[in-house]
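Below is one structure, written out as structure tokens; the observations come after it.
Side chains included, hydrogens not; waters and symmetry mates left out as well; all remaining heavy atoms used. All chains are named by letter (A, B, ...) in the order of the sequence lines, taking the proteins before the strands, and each is independently numbered beginning at 1.
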Protein chains: 2
Amino acid sequence: MNAAPQFSTKERILGAAEELFAQQGFAGTSLREVTRRADVNIAAVNYHFGSKENLVNEVFRRRMDDMSARRLQALHRAVARDPSDLEGILAAFIEPPLALAIDRSGSAFVRIIARAYAEKNDGLRRFLSDNYGHVLREFARAIAVALPELDRDDLYWRLDFTAGALTYAMADFGITQRADGRSEAAHCRDAAQALIQFAAAGLRAPRTLRTDPEQGLEKHA
Amino acid sequence: MNAAPQFSTKERILGAAEELFAQQGFAGTSLREVTRRADVNIAAVNYHFGSKENLVNEVFRRRMDDMSARRLQALHRAVARDPSDLEGILAAFIEPPLALAIDRSGSAFVRIIARAYAEKNDGLRRFLSDNYGHVLREFARAIAVALPELDRDDLYWRLDFTAGALTYAMADFGITQRADGRSEAAHCRDAAQALIQFAAAGLRAPRTLRTDPEQGLEKHA
DNA sequence: GTCTATAGACCGATAGAC
DNA sequence: GTCTATCGGTCTATAGAC
């Protein structure tokens with residue numbers, strides 16, 4: 001279960017931190033646990049990363065840079081092929097993170113992403129928004145081109161819904177369980193296919209009618 | 001910012017815990033912070049709740065019982081009116097939590113739900129599944145009746161996606177910001193309307209075609 | 001770069017007086 | 001039911017030897 005010893009101290013710390021953060025969250029994981037699993041001295045983490053917060057950021061950077069590049073590359077390929085191919089755009093958004101989930105080395109990371117969204121007030125969220133917000137904005141632009149009739153508010157809402165569904169599916173929450181005969185890889189492909197189908201239909205839905213500001217949800221208690 | 005002093009010690013602890021858990025997570029919040037904000041003695045939390053874990057459970061129970069009852073009541077009303085009214089079923093699922101988000105007293109709680117889904121390995125998840133899992137199963141049954149053509153796997157996937165989108169929207173992650181002129185209540189109604197429209201279209205999408213197990217997502221590195 | 005040792009603070013939980 | 005005081009343990013971070 002421990003990180004392989006042929007990697008550098010720094011790499012071993014990153015790997016151990018990724019697994020533990022995925023299992024227990026950031027606040028719920030101590031540096032002592034991390035260094036114990038990585039089989040390095042407790043002082044090494046401060047030598048290599050300076051602080052726990054910076055270690056968290058570096059755990060993200062190691063995977064996110066690659067994942068964002070894969071998403072944008074797939075997006076540009078899909079748009080060059082056919083700018084109105086909504087399914088192609090969605091596949092570019094959805095498949096790279098789910099492909100990462102197949103790897104043993106990346107499966108912990110996708111659960112970390114879900115945790116990051118729940119840890120709302122951290123510097124981590126600013127770090128993610130600053131460093132990777134442009135990816136989401138580029139997808140929003142491509143979808144606006146593919147669906148020119150789509151209302152701007154609906155576009156943003158629905159892109160958020162898609163991201164939420166993806167995050168949720170990646171973290172394998174929920175009631176859908178992998179069938180016994182189906183491999184992990186096949187399960188992820190099923191998820192990607194199902195989500196592309198679901199999100200494409202949702203994005204193509206008729207414009208949402210806004211209710212009168214006076215009425216609507218009943219406020220209770 | 002502190003809880004009003006006319007409430008009992010127990011209520012004040014619950015209220016303070018709810019706000020802090022929403023902001024900082026469960027592991028990230030200490031009982032000392034909770035009792036400081038509630039303006040009660042540190043020993044009171046163990047007297048009234050026994051342990052931190054049990055306090056977490058009670059924070060949930062206080063809101064979840066009511067929310068689940070509202071969801072099921074709305075579901076039964078919608079199904080009695082028209083068993084094929086998918087939008088009505090979805091409204092029964094989506095509106096009670098978003099209505100809770102409007103209340104000042106409940107807005108922290110909806111963010112806690114998102115945290116609960118991210119805190120994967122706790123007893124909390126078992127607690128939620130044991131106590132409230134039947135609600136989700138009842139919605140699955142109603143949707144299966146409303147959409148008899150819908151494939152069983154697709155139903156479960158798409159219900160998960162809807163729950164993920166709802167969780168994400170409630171916690172106001174994502175890029176959709178409330179417009180300056182729009183009230184919090186109107187914003188929540190917008191979210192509910194947009195999500196019902198999105199999820200209904202997604203659920204009505206054609207059956208997802210499963211790929212051949214041999215091909216699919218490229219496994220990388 | 002890696003170690004030991006420790007500072008300085010905070011944690012959850014409890015005992016026991018009132 | 002509420003308080004003070006405290007136990008035994010944890011934590012992040014750092015100083016300084018090697």
For nucleotides 9-11 of chain C, give me every protein contact, N/O to N/O, under 3.5 Å, one pair per line with atom names.
| from | atom 1 | to | atom 2 | distance (Å) |
| --- | --- | --- | --- | --- |
| C/dC11 | OP1 | B/Ser30 | OG | 2.6 |

Non-neighbouring partners of [X] that pass salt bridge (Lys or Arg N to Asp or Glu O under 4.0 Å), sequence neighbours left out:
{"X": "A/Arg61", "value": "A/Glu58"}
{"X": "A/Arg71", "value": "none"}
{"X": "B/Glu87", "value": "B/Arg204"}

For B/Tyr132, all residues meeting side-chain hydrogen bond (donor to acceptor under 3.5 Å, both in side chains), sequence neighbours excluded
B/Asp65
Residues two or more places apart in sequence or in another chain: which of them pass side-chain hydrogen bond (donor to acceptor under 3.5 Å, both in side chains) with A/Gln197?
none
B/Phe49: which residues meet the ring-ring contact (aromatic ring centres under 6.0 Å, His included) condition with it, sequence neighbours left out?
none
Produce the list of close N/O pairs, under 3.5 Å, pairing protein atoms with atoms of nucleotides 1-5 of chain C; give distances to one decimal.
| from | atom 1 | to | atom 2 | distance (Å) |
| --- | --- | --- | --- | --- |
| C/dG1 | OP2 | A/Tyr47 | OH | 3.4 |
| C/dT2 | OP1 | A/Thr9 | OG1 | 3.1 |
| C/dT2 | OP2 | A/His48 | NE2 | 3.0 |
| C/dC3 | OP2 | A/Asn41 | N | 3.3 |
| C/dT4 | OP2 | A/Asn41 | ND2 | 3.0 |

For B/Ala194, all residues meeting side chain to side chain contact (heavy atoms under 4.5 Å, CB included), sequence neighbours excluded
A/Asp154, A/Trp157, A/Phe161, A/Thr208
